[in-house]
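Remember, it's 1-based here, ligands and their atoms both numbered in the order they're listed.
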Amino acid sequence: MEEILVNCLTRLLSKNKQVYEHSLRVGNMAKRMASYLNFDEQQTRKFVIGCCIHDVGKILLPDGILDKSAPLNKEEWKMMKIHPLLGTKLILREGILDQDVVDIVRFHHERWDGQGYPFGISGDKIPSMARMCSIIDAFDSMISDRPYRRGMSMQEAKEELWRHIGTQFDLLYVERFLHLLEDLSSALEQ
Ligand SMILES: [Fe+2]
């Protein structure tokens with residue numbers, strides 16, 4: 001699976017540097033989250049790999065959509081919303097069959113209230129690793145600059161996560177993620 005991971009990341013890098021860097025940051029934070037939640041070695045491996053390639057389907061989207069320096073129009077959004085399906089197909093074809101990894105790629109844009117995409121499943125029907133990945137993914141996206149907007153401060157992004165508990169996110173994992181961030185920032189201050 002590691003070989004396929006490297007291959008996917010290499011392809012992401014040549015497709016779009018911003019998506020590649022985001023993927024690495026999400027993978028990195030996933031590792032910290034896994035250790036915070038006392039995942040065993042196997043769970044950690046799956047969670048980190050899944051988070052690193054959650055957006056791999058974007059490789060198959062037109063460059064114009066990923067590079068666009070303005071918000072996407074309706075048609076472009078329609079295409080963007082299929083990237084979890086494209087990613088799932090791609091990794092299955094490459095030979096990643098692990099259910100947890102596939103679930104992260106397939107369901108990382110589902111929302112707790114069922115208003116996510118592409119399936120619109122809700123609550124704990126969304127596999128737990130995908131629920132966690134969506135929180136880390138959203139947090140990194142919020143604090144990152146985009147061509148058309150500046151990233152939020154850490155504090156603002158934390159408040160956004162908190163505000164979207166029960167709609168976008170699962171309460172339990174937002175709480176845990178915010179505790180993890182507190183621990184990391186107090187470790188940095190020492
Ligand atoms: Fe995504």
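- For D55 (side chain) and K58 (main-chain N/O), no donor-acceptor pair under 3.5 Å exists by modelled atom type.
- Here D137 does not reach the Fe ion (ligand 1): none of its N/O/S atoms is less than 2.8 Å from the metal.
- Using a 4.5 Å cut-off on side-chain heavy atoms (C-beta onward), I135 and M132 make no contact.
- For D55, the N, O or S atom closest to the Fe ion (ligand 1) goes by the atom name OD1.
- Within the 2.8 Å limit, H109 places at least one N, O or S atom next to the Fe ion (ligand 1).
- Side-chain atoms of D145 come within 3.5 Å of backbone atoms of G151 as a donor-acceptor pair (strictly under, hydrogens ignored).
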Note to self: salt bridge (charged side-chain N to carboxylate O under 4.0 Å, His left out), that's the test. Do D63 and K15 meet it? Break it down for me.
What the structure shows: CA-CA 8 Å; D63 288 334; K15 177 74 177 178; 2.8 Å; yes

